[in-house]
Amino acid sequence: MFYFTSERRTRSISVFFFASVLSVSLVSLAESQTSAPPPIPCSAHKSCDQCVPHAKCLWCFTTNNCTEYPVTWLLPPASLCQLSQARWGVCWMNFEALIIAMAVLGGVILLSITVCCCCCCCCKKRPSRPDRDEERSAKRREEIKQRSEERKVERKERHDEIRRKYGLLGDSDHPYSKFENE
């Protein structure tokens with residue numbers, strides 16, 4: 001009975017501890033949430049350094065203004081800004097170079113993944129070193145077995161010769177064959 005009461009007490013303490021931790025975390029979460037300021041429109045930025053950190057904004061050096069990136073287009077149209085004069089993400093690299101760099105990087109990644117997959121497939125099909133070792137040991141076993149068979153045949157021939165000599169073999173044309181009693 002005492003064990004049951006102790007177990008109940010431990011369970012109620014753990015439930016109380018869990019409830020208190022949960023309430024403290026919810027209170028701290030509610031206190032940390034504040035309303036975010038309204039987003040600044042892209043046209044309010046007057047320099048490239050202020051414009052490009054915002055992912056939705058695009059800086060054009062031809063017109064020296066910050067505009068919203070046209071998300072309906074993959075690339076900004078030439079009527080908005082030429083690719084060589086557009087900056088997005090960083091001011092020191094034009095959009096054209098950024099696209100080329102990203103394409104090259106993506107190509108290198110795809111090529112390396114393809115090469116890795118091909119190497120893995122080829123390595124699985126090609127016999128590895130333990131297989132070669134197994135082939136060598138099987139070849140050695142076969143050679144040993146063949147030599148053993150040759151020695152066995154030689155021994156049998158010697159034994160047969162001895163049997164013929166002493167007339168233990170039923171070979172009638174041999175001079176040492178047994179005389180049969182008539």
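Quick caveat, the model's predicted, so the values are computed rather than measured.
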Quiz item: Nearest 0.5 Å, what's the CG-SG distance between L83 and C60?
Solution: 10.0 Å

Quiz item: About how many Å separate CZ of R141 and NZ of K145, when rounded to the nearest 0.5 Å?
Solution: 10.5 Å

Quiz prompt | Contacts of type side chain to side chain donor-acceptor pair (under 3.5 Å), residue K156, not counting sequence neighbours | solution = D160

Quiz item: With the 4.5 Å side-chain cut-off for hydrophobic clustering, are W92 and F95 part of the same group?
Solution: yes

Quiz item: With K139, which residues qualify under salt bridge (charged side-chain N to carboxylate O under 4.0 Å, His left out), at least two apart?
Solution: none

Quiz prompt | Contact summary for C42 and T67, nearest pair of heavy atoms | solution = CB-C, 3.8 Å

Quiz prompt | Within 6.0 angstrom of Q82 CD, more than 12 heavy atoms from elsewhere | solution = no

Quiz item: Is W59 close to N64 at the side-chain level, that is, under 4.5 Å between some pair of heavy atoms?
Solution: yes

Self-check item: I99 with Y69, same ILVMFWY side-chain cluster at under 4.5 Å
Solution: yes

Quiz prompt | Test salt bridge (charged side-chain N to carboxylate O under 4.0 Å, His left out) applied to R147 - qualifying residues, sequence neighbours left out | solution = none

Self-check item: Path from L98 to L105 over hydrophobic side-chain contacts below 4.5 Å
Solution: no

Quiz item: Is any side-chain heavy atom of D133 less than 4.5 Å from a side-chain heavy atom of R136?
Solution: yes

Practice problem: Working to the nearest 0.5 Å, report the span between CZ of R164 and CD of E157. | Solution: 8.5 Å

Practice problem: Kindly state each residue pair satisfying disulfide bond (SG atoms under 2.5 Å apart) with at least one member in residues 84-117, sequence neighbours excluded. | Solution: C48-C91

Quiz prompt | CG on L168 to NE2 on H159, rounded to 0.5 Å | solution = 12.0 Å

Quiz item: If you round to the nearest 0.5 Å, how far is CZ of R155 from CD of E150?
Solution: 12.0 Å

Exercise. With sequence neighbours excluded, tell me which residues meet side chain to side chain donor-acceptor pair (under 3.5 Å) with T62.
Key: none

Quiz prompt | Joint cluster assignment, L75 & L58, ILVMFWY side-chain distance < 4.5 Å | solution = yes

Quiz item: For the side chain of S148 and the backbone of I144, is there at least one donor-acceptor N/O pair under 3.5 Å apart?
Solution: no

Quiz item: Under 2.5 Å between the SG atoms of C66 and C51?
Solution: yes

Self-check item: For S43, side-chain contact (heavy atoms from CB on, under 4.5 Å) partners two or more places apart
Solution: P41

Quiz item: Relative to the ring of H54, is the ring of H45 parallel (under 30°), tilted (30 to 60°) or perpendicular (over 60°)?
Solution: parallel

Quiz item: Is R158 salt-bridged to E161, cutoff N-O under 4.0 Å?
Solution: no

Quiz item: Can you name the nearest heavy-atom pair linking N94 to R87, along with the distance?
Solution: CB-NH1, 2.9 Å

Practice problem: Give, for atom CG of N65 and atom SG of C81, the distance between the pair rounded to the nearest 0.5 Å. | Solution: 8.0 Å

Quiz item: Do V115 and I109 sit in the same hydrophobic cluster, where Ile, Leu, Val, Met, Phe, Trp and Tyr count as joined when their side-chain heavy atoms come under 4.5 Å apart?
Solution: no

